[in-house]
Amino acid sequence: MKLTEKVFRHIKRNYKPIDPESFSHSQFAFNNQLCFDNAVQAYRAGRANKVWLVWAGTHNGMIHFINSNDGVFFDETWVDTERPAPYYIIREVMPWELDNIKDLFVSVRYDLVNTCGNWLDMWRYKRNPNSTV
């Protein structure tokens with residue numbers, strides 16, 4: 001079984017999915033690979049009042065950052081607004097963590113690889129800690 005499948009099985013068992021009905025169209029859709037920067041910028045520009053660390057997708061998903069404003073979630077990174085991918089909330093990102101959000105990404109990735117992977121997965125992670133899960 002691939003590591004992302006093991007991680008998704010762990011995510012599905014331990015984290016709450018976001019109701020697709022609570023998603024809205026975002027003001028911007030950057031369609032890039034900078035979800036951490038996009039989420040922080042939306043927060044700092046006042047378009048969002050929270051930043052969330054989530055698992056986006058299913059067995060081939062990844063760690064991702066999205067925003068919410070008054071309980072309505074939106075994703076300024078991906079353009080998939082008609083049928084958003086399943087999102088599972090890992091946790092809210094606190095305002096004091098925003099300056100080091102890339103470090104948060106790396107540490108959560110490490111935790112997921114350590115929890116769900118084997119020695120070979122950890123070896124691969126240590127060789128490339130900035131890749132996605």
Side-chain angles (χ1 to χ4, degrees):
M1 182 182 299
K2 289 174 45 177
L3 177 60
T4 53
E5 293 170 349
K6 293 177 194 174
V7 170
F8 177 63
R9 192 169 63 194
H10 171 76
I11 294 287
K12 197 171 180 180
R13 279 190 226 150
N14 295 291
Y15 298 99
K16 178 184 169 194
I18 299 173
D19 180 5
E21 296 297 317
S22 65
F23 257 84
S24 175
H25 293 281
S26 61
Q27 186 175 354
F28 298 99
F30 296 109
N31 203 23
N32 60 22
Q33 296 178 353
L34 302 171
C35 63
F36 34 82
D37 290 334
N38 298 338
V40 170
Q41 182 59 32
Y43 178 83
R44 290 187 173 149
R47 295 188 302 273
N49 58 13
K50 292 186 180 181
V51 177
W52 297 92
L53 172 65
V54 299
W55 179 264
T58 56
H59 64 279
N60 61 346
M62 66 184 65
I63 300 167
H64 189 54
F65 292 95
I66 62 172
N67 298 96
S68 71
N69 198 9
D70 298 327
V72 178
F73 293 91
F74 61 94
D75 185 349
E76 290 196 343
T77 302
W78 295 336
V79 186
D80 190 17
T81 55
E82 293 304 316
R83 224 178 126 206
Y87 292 93
Y88 293 81
I89 295 174
I90 296 175
R91 73 179 187 83
E92 180 181 348
V93 179
M94 297 293 116
W96 59 85
E97 297 175 301
L98 296 178
D99 289 334
N100 300 315
I101 198 165
K102 290 178 188 174
D103 294 339
L104 177 61
F105 171 85
V106 171
S107 70
V108 168
R109 181 176 184 274
Y110 175 85
D111 290 344
L112 289 173
V113 171
N114 192 37
T115 300
C116 303
N118 57 32
W119 68 269
L120 183 58
D121 297 321
M122 285 304 296
W123 178 80
R124 288 180 184 140
Y125 169 81
K126 287 179 181 176
R127 289 187 50 117
N128 189 7
N130 293 317
S131 66
T132 60
V133 169

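Every heavy atom of this structure was used, including side-chain atoms; hydrogens, water molecules and symmetry mates were not.
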If you round to the nearest 0.5 Å, how far is [atom2] of [Y] from [atom1] of [X]?
{"X": "K102", "Y": "N100", "atom1": "NZ", "atom2": "CG", "result": "10.5 Å"}
{"X": "L112", "Y": "S107", "atom1": "CG", "atom2": "OG", "result": "9.5 Å"}
{"X": "N69", "Y": "F74", "atom1": "CG", "atom2": "CZ", "result": "6.0 Å"}
{"X": "Q41", "Y": "F36", "atom1": "CD", "atom2": "CZ", "result": "13.5 Å"}
{"X": "L53", "Y": "I63", "atom1": "CG", "atom2": "CD1", "result": "6.5 Å"}
{"X": "W55", "Y": "H64", "atom1": "CH2", "atom2": "NE2", "result": "12.0 Å"}

Please identify which of these residues, Y87, W52, Y88, F65, meets the ring-ring contact (aromatic ring centres under 6.0 Å, His included) condition with F73. W52
Heavy-atom distance under 4.5 Å between the side chains of [X] and [Y], does that happen here?
{"X": "L120", "Y": "W123", "answer": "yes"}
{"X": "I90", "Y": "V54", "answer": "no"}
{"X": "V113", "Y": "K126", "answer": "no"}

Tell me every residue that passes side chain to side chain donor-acceptor pair (under 3.5 Å) with T4, counting only those two or more places apart in sequence or in another chain.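 None.
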Residues which pass side chain to side chain donor-acceptor pair (under 3.5 Å) with D19, listed by chain and number, not counting sequence neighbours: none
In terms of hydrophobic clustering (I, L, V, M, F, W, Y; side-chain heavy atoms under 4.5 Å; direct or indirect links), are V72 and V93 co-clustered?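 Result: no, two separate clusters.
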Begin from the C-alpha positions of R109 and D121 and carry the test salt bridge (charged side-chain N to carboxylate O under 4.0 Å, His left out) through to its verdict. CA-CA 11 Å; R109 181 176 184 274; D121 297 321; over 6 Å; no
Nearest non-hydrogen partners of [X] and [Y], listed with the distance:
{"X": "L104", "Y": "E97", "result": "CD1-OE2, 4.3 Å"}
{"X": "L3", "Y": "G117", "result": "CD1-CA, 3.7 Å"}
{"X": "A56", "Y": "W78", "result": "CB-CZ3, 3.4 Å"}

Keeping the roles fixed (side chain from N67, backbone from A39), state whether a donor-acceptor pair exists under 3.5 Å. yes
Between N14 (side chain only) and H10 (backbone N and O only), is there a donor and an acceptor less than 3.5 Å apart? yes
Among I66, L34, N38, which one satisfies side-chain contact (heavy atoms from CB on, under 4.5 Å) with T77?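 Exactly one option meets the side-chain contact (heavy atoms from CB on, under 4.5 Å) with T77, and it is N38.
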Set of residues satisfying salt bridge (charged side-chain N to carboxylate O under 4.0 Å, His left out) with respect to R47, sequence neighbours excluded: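 Here the qualifying residues are E76.
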